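The structure appears right after this line, and notes come after that.
Atoms within a ligand are numbered from 1 in the order they appear, just like the ligands themselves. From a predicted model like this one, the values you see are computed outputs, not experimental measurements.
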Amino acid sequence: MRFNLSHLRNFGIMAHVDAGKTTLAERVLFFTGVNRSMGEVHDGQATMDSLPEEKTRGITIASAATTCFWRVEDGGESFRFTLIDTPGHMDFTGEVERSLRVLDGAIAVFDAVAGVQSQTLTVWRQADRHGVPRIAFVNKMDRPGANFAAAVESMRKRLGARPLALHLPIGAADTFVGVVDLVTMRALRWNDDDETHRPEIGDVPEELRFEALAARERLIEALADADDDIAHAFLAEEAISESRLHAAIRRATIAGRLVPVLCGSAYRNAGVQPVLDAVARYLPSPLDVAAPVGTHPETGDAETLDVSENAPFFGLVFKTETDRHAGSVAFVRVYSGTLEPGAVTLNAGRDRRERVSQVLAIHADRRESVDVARAGDIVALTGLKHAVTGDTLCDEGHALLLEAVHAPEPVVTVAVEPATRADLAKLSPALAKLAQCDPSLRLGTDPETGRPILGGMGELHLEVTLQRLTREYGVEVRVGQPCVAYRDTIRREATGHGRFKQQNGGSGMFGEVELVIRPLPRGGGFTFADKTVGGVIPKQFMKSIEQGVRDTMRAGLRDGVEVIDLAVEIIGGAYHVKDSNEPAFRAAGRLAFLDAAQRAGLQRLEPLAAFDVETPEEAFGLVLGDLSSRRARVEEIGQRGAAKFVLAVVPVAETFSYAGTLRSLTRGEGTFTAQPAGYAEVV
Ligand code: GDP
């Protein structure tokens, strides 16, 4: 069945750990007919969590996307939903941000007993930053101590949100049986014994009549405040139809002015259908959100995409996976145009053309081959060997980048040793596969032991990766202590000379290079320029010289530490008509660079992390004291809702096991996010 763009909903579920995100996702799939039986989280059966360690850890790390269909209750229209699973853990900030980019709206799940929890603040703020419209679901209404009104109030106080309660619960904790829908003024009750889990619709219970009328009055007032149409109707004291209310709630939600709030118990299958209706009614379609902007790979000019099937094709790879049967699978959000199996796409950032084999629609339990992907779709592509997370795919001749292509530098490394002889052979290929799927991983070799070294974005990132190694590839490993990934740079400008000459029988090898190296500021990376004149080195060898220099920088000059932030200019050299070749110039480039580096001297750099820490007021002093003992540079202190926050730059070397420390300093209430923040000189 074909759906118009206006009937697509690409959304995610966000929550504090344990609020019920996974349970709600399961119910969404169940009620939309995907799952025959419901997987319970505690059985390790949940369908959305596709990686085994997610099941055992009970947290959702990688993003998966699942397509399903929903027809709005009361014989309404049909919609196609794609539920995008957002990773919940802060060590994977790149993934969280990327999944927020590819979704158009979100359901925020709250625990009816706890209300807004510390981590909710973090994800809420991320969603704010990306302008993601939200609806809220207050879950666990069946738990002792459940309090809907208090949960709504905590959204107002702690998140600074403007919640719009659409429900009034009927009962709470063990008396919770359903809700009053304040738009229709009908009662919905769920009966545990009814296998269809469909709500029984009836009149508002007598004892709740006044409370419900008052709650509806508040709803209309809040809407009148946020929406002109309702404001007019309200002042004119007109009767406002259901469809007019829905339309106003939709406008206010998409504009981010209000957050509709529903309630229920996902675990007891109460209140899930209204959430699905609300997704269809209030969350944006791909047409309702700001069109993405791409940048031209060469000129850097910005261009806004046309979100339409008839425009050129643009898609963003937001996840890649290696599948035992299909090989590499790239999950792609199509922003505009269409893509068919067999098409050749251009990977804009890498200037590579690749043929797509299959276009797959992703369901929770299966993948279905489709004959076209259209603007607004989220699909999996097979056959692409080079596409990695963050890449833009597009038509030849119209290249734009949707995201800057840069793999973050790993800041923490661990040495990995095979546990047995049998594991030795499997280790390197398995690590290589994992690194291919996750651009924030980097593989290296310990210069002394020759063992692989794995680099990543943090302790937990590496921990999870190594568990995948065991589970998916059957490789048992021993892991060393996490280490900081230091870098070196040069202290001053210097010249160097390298000559590579070999004569053994037949044809020889010859290359000679003179170069200058210059320090670049932090974050400067690497630049390479050919400044030779008079053809002393033919142009065709410049790539080899650059390769020789790059290889040497990557391998490092002391302790195997990579060298960064410098500029190289080739200023002279010599070649031989018969004996010069690429390997000879690669070697000469390497020798010339080593010569120059010796003169330039080396400066050690350490990676930094930008911390954003939130803590309850009473623990603030302790948290600040601890940060200063970690050599943190505090940049900002302030108040967010009831919590204090501190922004600080901390050397990565001082960040190990910070999560545990923060937990104990704040009795589990504190949260933090960490982002790479460049390098600083070690004095
Ligand atoms: P997540 O960490 O946000 O994905 O939360 P889960 O879905 O894994 O749920 C955490 C725990 O809360 C599990 O043991 C669930 O069975 C339980 N849970 C989820 N929803 C409800 C609910 O509506 N009522 C009650 N009482 N428990 C729930």
Original post:
Of all residues at least two apart in sequence or in a different chain, which pass the side-chain hydrogen bond (donor to acceptor under 3.5 Å, both in side chains) check with Arg189?
Top reply: none
Subject >> Whether Phe611 and Phe672 hold their rings parallel, tilted or perpendicular, with breakpoints at 30° and 60° >> reply: tilted
Subject >> Min N/O separation Arg268 to ligand 1 under 3.5 Å >> reply: no
Original post:
Between Phe79 and Phe3, is the gap from one ring center to the other below 6.0 Å?
Top reply: no
Original post:
Any N or O on Met141 sitting closer than 3.5 Å to an N or O of ligand 1?
Top reply: no
Subject >> Atom indices of ligand 1, in the order listed, that fall short of 4.0 Å to a heavy atom of Ser265 >> reply: 22 (C), 23 (O), 24 (N)
Original post:
For ligand 1, which atoms sit closer than 4.0 Å to a heavy atom of Thr22?
Top reply: 1 (P), 4 (O), 7 (O), 8 (O)
Original post:
When you look at CZ of Arg156, are more than 12 heavy atoms from neighbouring residues, nucleotides or ligands closer to it than 6.0 Å?
Top reply: yes
**OP:** Just go through Asn139, Ile13, Val272, Asp18 and tell me whose heavy atom is the nearest to atom 10 (C) of ligand 1.
**Re:** Asp18
Original post:
Considering only heavy atoms, which of Lys140, Lys21, Arg27 lies nearest to atom 12 (O) of ligand 1?
Top reply: Lys140
**OP:** Select the closest option to atom 24 (N) of ligand 1 among Asp142, Val138, Asn269, Leu24, judged by heavy-atom distance.
**Re:** Asp142
Side-chain donor-acceptor contacts of residues 275-282 below 3.5 Å, not counting sequence neighbours, with atom names and distances?
residue, atom, partner, partner atom, Å
Asp277, OD1, Trp70, NE1, 2.9
Asp277, OD1, Glu73, N, 3.2
Tyr282, OH, His246, ND1, 2.9

Original post:
Under 4.0 Å from any heavy atom of Arg143, which atoms of ligand 1 are there?
Top reply: 26 (N)
Original post:
Less than 4.0 Å between a side-chain N and a carboxylate O, is that true for Asp128 and Arg134?
Top reply: yes
Original post:
Counting N and O atoms only, with roles assigned by atom type, does the side chain of Thr253 sit under 3.5 Å from a partner on the main chain of Val259, one being a donor and the other an acceptor?
Top reply: no
Subject >> Atoms of ligand 1, numbered as shown, that sit under 4.0 Å from any heavy atom of Ala266 >> reply: 23 (O)
